[in-house]
**Student:** 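Have a look at this one before I ask anything.
For this chain, numbers begin at 1 and follow the sequence in order. On a predicted model such as this, the values are computed, not experimentally measured, just so you know.
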Amino acid sequence: CTLNCRYSFSSVQYFLSHSWRRQRYFLVGSNEAHTKHRVLKIDRTEPKDLVIIDDKHVYNQHEVRELLGRLDLGNRTKIGQKGSSGLSKALTAYGIVGFVRFLEGYYIVLITKRRKVADIGGHSIYKIEDTSMIYIPNDSVRVTHPDEARYVRIFQNVDLSSNFYFSYSYDLSHSLQYNLTLLQRPYDLWLSEASSAEEEVHTQSKQDSFDIFEDEGLPTQVVYGLQNEPYYKYVWNGKLLERFKDIVHHDWLMYIIHGFCGQSKLLIYGRPVHITLIARRSSKFAGTRFLKRGANCEGDVANEVETEQIVHDASVMSFTAGSYSSYVQVRGSVPLYWSQDISTMMPKPPIRLDQADPYAHVAALHFDQMLQRFGSPIIILNLVKKREKRKHEKILSEELYPAVINLNQFLPPDHCIDYIAWDMARYTKSKLCNVLDRLSMIAENVVKRTGFFINRSEFYCHILRPDERWGDLGGQITNSGRVQNGVLRTNCVDCLDRTNTAQFMVGKCALAYQLYALGMIDKPKLQFDTDCVRLFEELYEDHGDTLSLQYGGSQLVHRVKTYRKIAPWTQHSKDIMQTLSRYYSNAFSDADRQDAINLFLQVYQPSESKPHLWELPTDFYLHQRSTMALPLDRRSYTLWWSEGILSSLPVAYDEVPCEENMKKIKVKRVNQFDESIDIYTEFFKPYELTSFDDTFCITMTNSAREFMPKSVGVDPSPFTVRKPEETGKSVLGNKSSKEETLLQRKTAASAPPPPSEEAISSTSEDDSEEDRDEDGSVSQRSTPIKLLTESGESSRTQERDEHMLERWLVLQECFSLCVFVRVCVFRFAHLGENQHKVERTEQIELPVSCFPEDSIYGVAPPQVNRDSRDVFESHVMAGQGQVRALCRDDTLMYREYVKNRYM
């Protein structure tokens with residue numbers, strides 16, 4: 001017989017919650033085709049306990065209707081009395097998030113609305129759109145508590161409709177590499193378990209389906225359905241299912257992740273290639289920006305997010321027959337005991353080290369987790385500042401580097417942790433350096449060392465068109481393709497703006513290798529200003545904005561366009577507003593959000609015997625378990641890794657088919673036509689009528705529709721470099737309307753250039769206050785000048801005047817916004833100095849304009865000093881071929897350029 005392994009689908013996808021005379025709830029779950037049903041009974045007579053009875057029988061549609069009919073008929077009261085029906089339908093849901101209890105009885109949280117956001121190998125990924133929280137005990141047995149309503153409000157502050165995702169058949173907590181290599185493990189390690197499960201071969205599935213080879217006497221194909229345990233670090237409802245998962249069938253369980261999930265379609269001459277970006281936010285040591293910094297005593301760091309980009313040929317859907325590739329990278333706070341004091345109302349609170357850790361114990365726990373999940377090499381890209389007038393970010397670098405050196409002395413040389421320190425903020429301020437060029441060099445080296453995952457061996461086109469960089473690629477080559485070994489870990493202080501740009505550049509480099517491995521391009525190199533990179537950049541900007549809102553309270557301040565120096569000049573004012581939004585969120589709303597996260601993740605469990613959540617002065621002791629109890633076994637400072645990890649390197653220990661890992665997998669032999677593994681029925685749904693325009697593959701972002709020029713005769717290849725005005729979507733405007741785009745193009749022609757390195761906002765996370773003292777240059781604004789025209793040019797003069805007036809209004813609006821922002825920042829600092837004592841009698845008058853007259857003809861041209869004129873004259877002479885003699889400053893400038901660019 002032929003052995004084959006496939007993912008087993010979760011049977012329960014639809015829930016019909018019925019209530020019966022206030023005594024119990026019946027949850028009727030079914031699969032997508034409504035051919036198999038399960039019934040769950042929840043008792044409502046217990047005031048504080050959770051009593052659930054799971055009916056082990058699997059019903060068909062006719063049987064479940066008969067069951068509900070008998071329950072309804074047998075529990076009717078006398079005809080004519082109030083509430084004569086025994087059963088009443090409560091609601092329709094798509095999954096159980098979990099059960100939670102505060103000070104009274106239990107609540108059940110159900111998903112009532114969903115939206116499909118991605119599809120991987122026929123497995124649908126959904127985003128939660130709406131939920132319902134239902135109190136289980138009825139009113140007759142309810143024991144009220146005065147603080148119950150407050151806990152419910154805090155719990156519901158975690159908006160489950162904001163970036164929570166789930167899938168019925170695909171494990172979102174694991175990477176694609178883990179999920180697909182799971183199907184390729186040696187079968188002899190689980191045949192004993194499978195043979196015991198062979199008795200569970202569905203006689204019902206044989207009756208419902210048929211095998212065309214059975215009557216011919218040919219061997220029947222044996223198919224094993226696999227179900228593995230999730231990686232609980234990225235599961236956000238694990239604690240809510242704790243009391244529930246051991247007493248019900250696993251089909252009722254559904255795990256959700258928090259982060260980001262986006263998918264776009266790249267059309268290469270009509271061939272669809274799906275690019276998917278999945279970000280998994282860790283549920284360990286989770287919280288908001290200033291309240292969660294560094295690491296806890298178990299090695300879990302704040303703002304830890306695993307980002308995975310998946311590229312696959314969408315023309316073939318199956319995991320076994322299709323071509324799939326993925327690349328994983330990680331961001332997270334610096335793994336040290338550090339925090340920031342938020343008691344003073346400062347935009348940038350000082351960084352302080354909370355505990356001395358001379359043996360790098362907490363860093364060892366963190367990198368032990370990474371070695372177990374990703375293997376080696378572990379590459380650290382540290383983007384914090386190295387040179388500051390007052391030590392701020394530099395404190396973290398001075399502690400992290402010795403910790404890595406201390407840990408590396410006990411590791412084998414081949415598996416040491418690589419440490420790359422690069423002051424990205426200072427590099428951005430240099431006029432002679434290109435940030436993205438340096439990042440692309442780092443990305444090339446990183447991808448060559450770690451490699452990437454692909455489930456296909458090399459194509460024949462790689463032999464016809466070999467590339468020298470392909471032979472130097474790292475990772476591990478297997479019989480079925482390549483495997484990524486190791487991971488890049490990127491961090492700055494907040495792990496938001498700088499980190500997202502660095503991850504984009506690494507992802508862009510990996511995307512080129514992935515497309516080359518799939519045979520889509522002839523060289524593993526992608527250029528900016530192509531449809532492919534623009535689509536990928538838009539995905540990463542949505543990814544960065546989402547993660548920034550979750551942790552920092554605002555969208556990204558600095559984007560890829562900012563570091564490319566192509567951002568529109570109006571973006572500068574938007575960056576300032578995002579910075580103010582982030583400060584406001586950190587100062588006034590982060591504490592409530594942190595309480596909600598602690599309650600949702602059950603880090604804090606309410607009890608009448610301990611103080612309430614809002615009475616705790618800090619949640620430090622909730623996340624630091626070692627402070628409440630002495631550890632029984634102390635880990636070694638020299639052999640700081642877990643058992644078995646070192647022997648499996650460079651392969652990740654979690655992907656090694658050892659006995660411990662095989663216990664996490666459930667294997668069940670099923671008929672090859674069983675619905676639990678039938679991808680075709682799950683994806684195409686031949687049993688229901690669907691509209692072609694409403695399908696997800698039509699509504700998803702399409703490179704040909706969104707980015708390709710609409711003119712005839714243009715190369716439709718998504719790898720062709722195009723000018724901004726040639727693209728289908730404006731590069732300068734972020735999802736703006738046509739009118740805004742037209743206004744930006746009108747004003748950009750005569751407006752001052754985009755903000756340079758010095759003009760980048762110093763109020764964001766990339767710049768500290770002392771950098772403003774170093775680079776205090778003020779850019780001069782170009783202003784309209786009165787022009788004298790002849791009478792014959794009256795029409796052109798009128799158009800020019802209208803254009804200048806329009807431009808003047810935009811300048812006036814931006815200047816008023818800047819003045820308002822400066823006043824707000826001054827008031828914000830003044831508020832912290834006086835400790836919330838604000839003089840309410842003081843009134844601030846905001847000037848409408850800084851010019852004496854509101855007329856375009858009454859504005860004098862800006863004064864230009866002698867040095868600026870000399871620079872301009874030298875540029876004119878160079879354009880005419882008259883190069884002046886080089887002075888000592890020119891020589892020093894060129895030497896600095898060569899040093900930064902090539903050394």
Side-chain angles (χ1 to χ4, degrees), residues 285 293-302 304 328-338 351 353-386 391 393-423 442 445-451 474-476 484-493 495 624 626 631-656:
F285 203 52
R293 293 294 209 188
N296 63 2
C297 60
E298 298 179 355
D300 302 311
V301 298
E304 183 174 5
V328 178
Q329 48 186 325
V330 179
R331 69 171 69 183
S333 187
V334 179
L336 302 170
Y337 287 121
W338 67 280
I351 293 175
L353 298 174
D354 297 330
Q355 299 181 30
D357 193 8
Y359 300 104
H361 176 65
V362 64
L365 292 173
H366 176 67
F367 291 119
D368 180 38
Q369 295 179 8
M370 298 192 69
L371 288 174
Q372 181 174 348
R373 181 164 173 82
F374 303 108
S376 67
I378 302 296
I379 305 174
I380 303 173
L381 179 57
N382 187 16
L383 301 176
V384 303
K385 297 178 181 178
K386 290 193 269 185
K391 277 190 179 182
E393 300 182 10
K394 187 180 179 182
I395 299 174
L396 303 178
S397 294
E398 291 178 347
E399 289 292 324
L400 179 60
Y401 181 65
V404 174
I405 295 298
N406 178 67
L407 297 178
N408 276 342
Q409 63 182 335
F410 307 111
L411 281 175
D414 295 338
H415 307 304
C416 285
I417 302 172
D418 288 349
Y419 181 84
I420 304 173
W422 183 51
D423 191 344
I442 296 175
N445 294 329
V446 167
V447 176
K448 282 185 177 181
R449 290 211 58 194
T450 61
Q476 182 183 4
Q484 177 182 350
N485 287 336
V487 73
L488 171 69
R489 185 193 190 279
T490 310
N491 73 268
C492 48
V493 177
C495 302
Q624 308 283 349
S626 63
L632 298 178
D633 53 338
R634 186 180 294 275
R635 293 176 65 101
S636 172
Y637 291 137
T638 56
L639 305 177
W640 52 267
W641 50 86
S642 300
E643 183 181 357
I645 289 181
L646 203 61
S647 59
S648 65
L649 295 179
V651 181
Y653 178 76
D654 287 348
E655 298 178 6
V656 175

**Student:** Using modelled atom types only, decide if a donor and an acceptor are shared between the side chain of W640 and the backbone of L407 within a distance under 3.5 Å.
**Tutor:** yes
**Student:** Can you find a pair of side-chain heavy atoms, one from R293 and one from F285, that are under 4.5 Å apart?
**Tutor:** no
**Student:** Ignoring hydrogens, what is the shortest heavy-atom contact between R489 and M370? Give both atom names and the distance.
**Tutor:** CD-SD, 3.8 Å
**Student:** Quick one: does D357's side chain have a donor or acceptor within less than 3.5 Å of a partner on V362's backbone?
**Tutor:** yes
**Student:** Would you compute the distance between atom CG of D414 and atom CG of L649 and round it to the nearest 0.5 angstrom?
**Tutor:** 10.0 Å
**Student:** Which heavy-atom pair separates L639 from S636 by the least distance, and what is that distance?
**Tutor:** N-OG, 3.1 Å
**Student:** Do V487 and T450 have side chains that approach each other closer than 4.5 Å (heavy atoms only, starting at C-beta)?
**Tutor:** no
**Student:** Give, for atom CZ of R373 and atom CD1 of I645, the distance between the pair rounded to the nearest 0.5 Å.
**Tutor:** 13.0 Å
**Student:** Count the heavy atoms belonging to other residues, nucleotides or ligands that lie under 6.0 Å from CD of E643, then report whether that count exceeds 12.
**Tutor:** no
**Student:** OG1 of T490 to CD1 of I379: how many Å apart, nearest 0.5 Å?
**Tutor:** 9.5 Å
**Student:** Would you find a donor on one side and an acceptor on the other, under 3.5 Å apart, between the side chain of Q476 and the backbone of V651?
**Tutor:** no
**Student:** Report yes if the side chains of H415 and W641 come closer than 4.5 Å at any heavy-atom pair, otherwise no.
**Tutor:** no
**Student:** Keeping the roles fixed (side chain from D368, backbone from S642), state whether a donor-acceptor pair exists under 3.5 Å.
**Tutor:** yes
**Student:** Go through the steps to decide whether L411 and L646 satisfy the test side chain to side chain contact (heavy atoms under 4.5 Å, CB included), and finish with yes or no.
**Tutor:** CA-CA 9 Å; L411 281 175; L646 203 61; 4.1 Å; yes
**Student:** Identify the two heavy atoms, one from F367 and one from I380, that lie closest to each other, and give their separation to 0.1 Å.
**Tutor:** CZ-CD1, 3.4 Å
**Student:** What verdict does the side chain to side chain contact (heavy atoms under 4.5 Å, CB included) test give for N382 and W422, after you've listed the backbone C-alpha separation in whole Å, the side-chain angles of each residue and the deciding distance to 0.1 Å?
**Tutor:** CA-CA 6 Å; N382 187 16; W422 183 51; over 6 Å; no
**Student:** Look at the side chain of Q372 and the backbone N and O of F374, then say whether any donor-acceptor pair between them is shorter than 3.5 Å.
**Tutor:** no
**Student:** For a 4.5 angstrom cut-off between non-hydrogen side-chain atoms, does D423 reach E393?
**Tutor:** no
**Student:** One pair to check against side chain to side chain contact (heavy atoms under 4.5 Å, CB included): I395 and W338. What are the steps and the verdict?
**Tutor:** CA-CA 10 Å; I395 299 174; W338 67 280; over 6 Å; no
**Student:** With H366, which of L336, V334, V301 fulfils side chain to side chain contact (heavy atoms under 4.5 Å, CB included)?
**Tutor:** V301
**Student:** Run the side chain to side chain contact (heavy atoms under 4.5 Å, CB included) test on H361 and L365 for me, step by step, so that the C-alpha distance in whole Å, both residues' side-chain angles and the decisive distance to 0.1 Å come before the verdict.
**Tutor:** CA-CA 6 Å; H361 176 65; L365 292 173; 3.7 Å; yes
**Student:** Are any side-chain N or O atoms of S647 and backbone N or O atoms of G644, one a donor and one an acceptor, separated by less than 3.5 Å?
**Tutor:** yes
**Student:** Can you find a pair of side-chain heavy atoms, one from P335 and one from L400, that are under 4.5 Å apart?
**Tutor:** yes
**Student:** Measure across C492 and C495 and return the closest heavy-atom pair with its distance rounded to 0.1 Å.
**Tutor:** SG-N, 3.2 Å
**Student:** Measure across S333 and G294 and return the closest heavy-atom pair with its distance rounded to 0.1 Å.
**Tutor:** OG-N, 3.0 Å
**Student:** Restricting to non-hydrogen atoms, name the atom on G375 and the atom on A652 that form the minimum distance, rounded to 0.1 Å.
**Tutor:** N-CB, 3.5 Å
**Student:** Nearest 0.5 angstrom please: L396 CG to I351 CD1, how far?
**Tutor:** 4.5 Å
**Student:** Find the distance between OH (Y337) and CG (L353) and round it off to the nearest 0.5 Å.
**Tutor:** 12.5 Å
**Student:** How long is the span from the CD atom in E304 to the CZ atom in R331, to the nearest 0.5 Å?
**Tutor:** 11.5 Å
**Student:** By side chain to side chain donor-acceptor pair (under 3.5 Å), which residues pair with S648, not counting sequence neighbours?
**Tutor:** none
**Student:** Just wondering, more than 12 heavy atoms not from Y359 lying within 6.0 Å of its OH?
**Tutor:** no
